[in-house]
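Here the structure is a predicted model, which means the values were calculated and not measured.
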Amino acid sequence: MGKDSIKLIANNKKAYFDYFIEDKYEAGIALSGTEVKSLRTGKCSIKEAYVRIDRGEVYIYGMHISPYEKGNIFNKDPLRTRKLLLHKSEINKLMGKIAQQGYTIAPLQVYLKGRLVKVEIGLAKGKKLYDKRQDIAKKDQRREAEKDFKVKNLY
């Protein structure tokens, strides 16, 4: 595995459906040894996860990392709160944006970058129901166009 090779562990497709992602940040994550081993085997879920800033530090809640099978007593709680590692300037920028109405921080994906585990978080603004309907309609149109294109290419 190269120095900058990226291996995706978990993706949060629901975040792209529920929010407009305006900015993306790459954050490190404070983990124990058995959690890293479990992540390397791909046992992670961020579907229900969310990010909060508390006293100038960024934390991720609800991120599920399955216990490592060979970890016995060293395993931690799968749903424990984990600290995200960001630069102070990035945290201040996020805090300024979140102070505005309608903004939140959503975890987008978890991946291995070389030997390190990284979390991509996004500054997100909530979508209204009609925005979601438009996205579904666009997806349906694209699917129909791809189906027509396939049918035309078969003949």
Side-chain angles (χ1 to χ4, degrees), residues 1-136 138-139 142-143:
M1 201 179 330
K3 193 171 189 177
D4 288 329
S5 65
I6 293 176
K7 179 188 172 213
L8 187 65
I9 299 170
N11 198 2
N12 191 358
K13 290 180 183 175
K14 193 170 186 244
Y16 290 100
F17 182 73
D18 289 339
Y19 302 104
F20 292 114
I21 307 300
E22 296 191 3
D23 242 349
K24 293 181 182 178
Y25 296 91
E26 181 180 75
I29 183 166
L31 299 167
S32 72
T34 55
E35 288 176 324
V36 175
K37 289 179 181 181
S38 186
L39 282 170
R40 287 193 187 283
T41 60
K43 298 192 171 144
C44 174
S45 172
I46 55 171
K47 281 185 173 62
E48 304 295 320
Y50 58 96
V51 177
R52 286 241 172 95
I53 299 177
D54 185 30
R55 284 182 251 128
E57 293 184 337
V58 184
Y59 295 96
I60 186 166
Y61 297 85
M63 177 179 171
H64 186 277
I65 299 177
S66 299
Y68 185 57
E69 300 94 47
K70 301 178 183 88
N72 55 46
I73 61 166
F74 299 106
N75 280 330
K76 301 274 195 265
D77 177 31
L79 287 171
R80 77 182 178 92
T81 303
R82 295 169 182 90
K83 185 176 176 180
L84 296 181
L85 310 170
L86 285 162
H87 291 285
K88 200 66 166 170
S89 60
E90 291 175 324
I91 295 172
N92 290 337
K93 197 184 292 184
L94 284 170
M95 282 174 29
K97 282 287 195 177
I98 286 179
Q100 296 177 22
Q101 194 66 34
Y103 279 100
T104 188
I105 306 171
L108 303 176
Q109 57 187 15
V110 179
Y111 54 93
L112 287 167
K113 186 175 184 182
R115 296 175 40 230
L116 305 173
V117 178
K118 299 286 186 178
V119 179
E120 186 178 57
I121 58 174
L123 182 65
K125 193 171 180 82
K127 284 185 182 179
K128 302 278 189 265
L129 185 61
Y130 57 83
D131 293 326
K132 292 180 186 179
R133 285 190 188 131
Q134 285 175 345
D135 282 355
I136 292 170
K138 284 180 189 172
K139 216 181 275 183
R142 194 180 67 232
R143 205 176 290 130

Show, in sequence, the C-alpha distance, side-chain angles and deciding distance for K24 and E120, and conclude whether the side-chain contact (heavy atoms from CB on, under 4.5 Å) test is met. CA-CA 7 Å; K24 293 181 182 178; E120 186 178 57; 3.6 Å; yes
Restricting to side chain to side chain contact (heavy atoms under 4.5 Å, CB included), what partner residues turn up for A49, sequence neighbours left out?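 So A49 forms a side chain to side chain contact (heavy atoms under 4.5 Å, CB included) with I46, I60, M63, P107.
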Applying side chain to side chain contact (heavy atoms under 4.5 Å, CB included), can you list everything that pairs with K37, at least two apart in sequence or on another chain? Y68
Could you tell me if the side chain of [Y] sits less than 4.5 Å from the side chain of [X], heavy atoms only?
| X | Y | value |
| --- | --- | --- |
| L123 | I21 | no |
| I6 | L112 | no |
| L85 | V58 | no |

Under the side-chain hydrogen bond (donor to acceptor under 3.5 Å, both in side chains) test, which residues partner [X], sequence neighbours left out?
| X | value |
| --- | --- |
| Y19 | none |
| E22 | Y103 |
| E57 | Y59, K83 |

Sorted by first residue and then second, give each ring-ring contact (aromatic ring centres under 6.0 Å, His included) pair with at least one member in residues 23-55; sequence neighbours left out. Y50-Y61
Is there a donor-acceptor pair under 3.5 Å between the side chain of S38 and the backbone N or O of S66?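 A pair under 3.5 Å: yes.
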When you measure from the side chain of K7 to the backbone of R40, do you find a donor-acceptor pair of N or O atoms at a distance under 3.5 Å? yes
Per the salt bridge (Lys or Arg N to Asp or Glu O under 4.0 Å) rule, what does the pair list look like for residues 85-98, sequence neighbours excluded? none
Could you walk me through whether R82 and E35 pass side-chain contact (heavy atoms from CB on, under 4.5 Å), step by step? CA-CA 11 Å; R82 295 169 182 90; E35 288 176 324; 3.0 Å; yes
Step by step, work out the side-chain contact (heavy atoms from CB on, under 4.5 Å) result for Q109 and N12. CA-CA 6 Å; Q109 57 187 15; N12 191 358; over 6 Å; no
Output all residues satisfying salt bridge (charged side-chain N to carboxylate O under 4.0 Å, His left out) with [X], sequence neighbours left out; order by chain, then residue number.
| X | result |
| --- | --- |
| K118 | none |
| K14 | D18 |
| R143 | D140 |

Using every non-hydrogen atom in the two residues, find where [X] and [Y] come nearest and quote the distance to one decimal.
| X | Y | value |
| --- | --- | --- |
| E26 | L86 | O-CD2, 3.8 Å |
| G42 | I9 | CA-CG2, 4.0 Å |
| C44 | L39 | CB-CD2, 3.4 Å |
| L108 | A15 | CD2-CB, 3.9 Å |

Test side-chain contact (heavy atoms from CB on, under 4.5 Å) on I53 and I98 and set out the steps. CA-CA 9 Å; I53 299 177; I98 286 179; 4.1 Å; yes
